Number of protein chains: 2
Amino acid sequence: MTTTDETQATRPAGRPRSARAEKAIIDATLDLISESSGLGELSIEAIAARAGVGKTTIYRRWSNKEDLLVDALAALKAPLPTLAGRSLREDLVACAEVFLRETRNARSRCVMNIAMNEAERHPRLVQRIHQATIAPRRAVLTALLERGVATGELRADLNVPIALASLIGTMVWYVRGFEPGHEDLPEGAAEQVVDHLLVGLVPR
Amino acid sequence: MTTTDETQATRPAGRPRSARAEKAIIDATLDLISESSGLGELSIEAIAARAGVGKTTIYRRWSNKEDLLVDALAALKAPLPTLAGRSLREDLVACAEVFLRETRNARSRCVMNIAMNEAERHPRLVQRIHQATIAPRRAVLTALLERGVATGELRADLNVPIALASLIGTMVWYVRGFEPGHEDLPEGAAEQVVDHLLVGLVPR
DNA sequence: CCGTTTCGATACACAAAAGTTTCGAAACAG
DNA sequence: CTGTTTCGAAACTTTTGTGTATCGAAACGG
């Protein structure tokens, strides 16, 4: 023991680090990433300026840009949809609503862009995004599809990987059409997409 | 008339520009874009080095980076699928085969990445990509879907925008799963995807 | 052979950004 | 009050890329 014991954690003595500055840095980083949708354009100087913080304060906490990015993207909360479990269709719509809303959020969308485009340049970062964000979502949908097959609500011979791609891909691509003008999605878009995929293209 | 008439085109006199150098520059540009999947990281110096060409030779032809990019991407041939017109399913499979193969080609994929991510930074370029590459494809598929509705091969109440998104989005997302290890797509992937979307998820 | 133009290479000025260092002020412990 | 650490700001070095200019060599027409 050096000098004091302040509820177990020994304060290092000296001016404590500002939590407000840390939050401002993370926020500024996420804002700038969402605006530029690319990691190469992101500069520490811009982050410092946006956060109202000296570059020193950033480099004291993170030794390089990628470390900062990892922490910034980790701060992005990723709420998974809650499934009622009453019917497959209801749960799929719940997933679709969450994913559609998420895809229209600039901060969430930039995560997907990074995961898709910066795989070779920032493998560590992309791997982290994958296990923290993509894998859980994929797991939820996969379990849902397998449950549907088990209950008979889905075709017994369903190709799950293709079904997964059809759900996520369709939503991602559908949302793309409404980006430029920032128009709102049509009412009931989630139901429409899900029903479209459930029932197929051909007449019954 | 100044001096000569060489089949109508007056040669400016002096060493002619090397067509080989021009091709090397375009090729190097496309290579580097496909590798980095981002426009910000692309440097004229890297292009010159890869092409084995002096920077002068580039700047003599294009006054800035964006002009070069426009020409480079225009050099990307984009063969549309030829439709037999015998049945909707057959034509959809033909489209899917072309689009799947295209999506697995690095140079073609980078065009899509640019169109999706660099909209604010290079509006001119993205607009050109849109009208040269995206719009024709969308038109082919839209016409195909509308024909299917007219012939009764597709549901009369089909939501065409969603159907379009389901086709393209599913293919794009499905291909994504086979990127990292460069595994080949499963045999008959195009048929599987098309049949999956045609018949839907639920049992009949 | 001569004038013109392009060739690739190199050097240059200029700008942007990374990362380091220094500075005076401020916050905290004792 | 004193010592320690963080604060934001600014100066600094290094790297990287843009765009221009200069060079001798090479390719063409006449």
Side-chain angles (χ1 to χ4, degrees), chain A residues 1-29 32-33 35-36 38-72 121-122 125, chain B residues 1-29 32-33 35-36 38-70 72 121-122:
Chain A
M1 266 171 257
T2 52
T3 37
T4 56
D5 241 26
E6 182 143 352
T7 47
Q8 206 168 5
T10 19
R11 182 92 51 92
R15 176 172 175 172
R17 294 196 177 175
S18 159
R20 188 187 97 354
E22 192 139 341
K23 180 167 168 36
I25 293 169
I26 297 283
D27 275 342
T29 305
L32 289 174
I33 293 181
E35 285 169 18
S36 67
L39 263 52
E41 290 78 358
L42 186 67
S43 76
I44 299 283
E45 295 203 334
I47 295 173
R50 168 77 69 109
V53 148
K55 278 198 296 179
T56 327
T57 309
I58 296 181
Y59 281 109
R60 194 175 291 117
R61 290 167 165 80
W62 297 276
S63 57
N64 55 50
K65 206 198 292 190
E66 184 156 276
D67 285 352
L68 170 55
L69 291 179
V70 169
D71 277 9
R121 244 164 314 170
H122 303 274
L125 189 59
Chain B
M1 259 170 264
T2 52
T3 39
T4 57
D5 241 24
E6 182 144 352
T7 47
Q8 208 168 6
T10 20
R11 183 88 52 92
R15 177 172 176 174
R17 294 195 177 174
S18 159
R20 188 188 97 353
E22 190 140 340
K23 179 168 167 39
I25 294 169
I26 298 283
D27 275 341
T29 305
L32 289 173
I33 295 182
E35 285 169 16
S36 68
L39 264 50
E41 290 77 0
L42 184 68
S43 75
I44 299 281
E45 296 205 335
I47 295 173
R50 169 76 68 106
V53 145
K55 278 198 296 177
T56 326
T57 309
I58 296 180
Y59 280 109
R60 194 175 291 118
R61 289 169 166 78
W62 297 277
S63 58
N64 55 50
K65 205 195 296 186
E66 184 155 279
D67 284 353
L68 170 56
L69 292 178
V70 169
R121 245 162 315 171
H122 303 273

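Every chain is numbered from 1 and lettered A, B, ... according to where its sequence line falls, protein lines coming before strand lines. Since we're looking at a predicted model, the values are computed, not measured.
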Distance in angstrom units between [X] [atom1] and [N] [atom2], rounded:
| X | N | atom1 | atom2 | value |
| --- | --- | --- | --- | --- |
| A:W62 | C:dG19 | CH2 | C1' | 16 Å |
| B:R20 | C:dC7 | CZ | P | 10 Å |
| A:R15 | C:dG24 | CZ | C1' | 12 Å |
| A:R17 | C:dA26 | CZ | C1' | 16 Å |
| B:I58 | C:dG8 | CD1 | C1' | 11 Å |

Legend entry - Given C:dC7, D:dA10, C:dA9, the nucleotide with the shortest approach to the side chain of A:T56: D:dA10
Legend entry - B:A21, nearest nucleotide to its side chain (from D:dA9, D:dA21, C:dC7): C:dC7
Legend entry - Point-to-point distance, once rounded to the nearest 0.5 Å, from CD1 of B:I47 to NZ of B:K55: 11.5 Å
Legend entry - From CD1 (A:I58) to CD1 (A:I44), nearest 0.5 Å: 5.5 Å
Please state whether the phosphate of [N], meaning OP1 or OP2, lies under 4.0 angstrom from any side-chain nitrogen or oxygen of [X].
| X | N | answer |
| --- | --- | --- |
| A:S18 | D:dT6 | no |
| A:R60 | D:dC7 | yes |
| A:R61 | D:dC7 | yes |

Can you tabulate the close N/O pairs, meaning under 3.5 Å, that link protein atoms to atoms of nucleotides 16-18 of chain D?
unit_1: D:dT18; atom_1: OP1; unit_2: B:I44; atom_2: N; d: 2.9
unit_1: D:dT18; atom_1: OP2; unit_2: B:I44; atom_2: N; d: 3.0
unit_1: D:dT18; atom_1: OP2; unit_2: B:E45; atom_2: N; d: 3.4

Counterpart residues, salt bridge (Lys or Arg N to Asp or Glu O under 4.0 Å), relative to [X] (two or more places apart):
| X | value |
| --- | --- |
| A:R60 | none |
| A:D67 | A:R124 |
| A:K65 | none |
| B:R15 | none |

Legend entry - All side chain to side chain contact (heavy atoms under 4.5 Å, CB included) counterparts of A:A46, not counting sequence neighbours: A:L32, A:S43
Inset, instruction - For A:G54 and for A:G14, find the nucleotide of DNA chain D with the closest heavy atom, then tell me which residue's nucleotide is more 5'. - result: A:G14
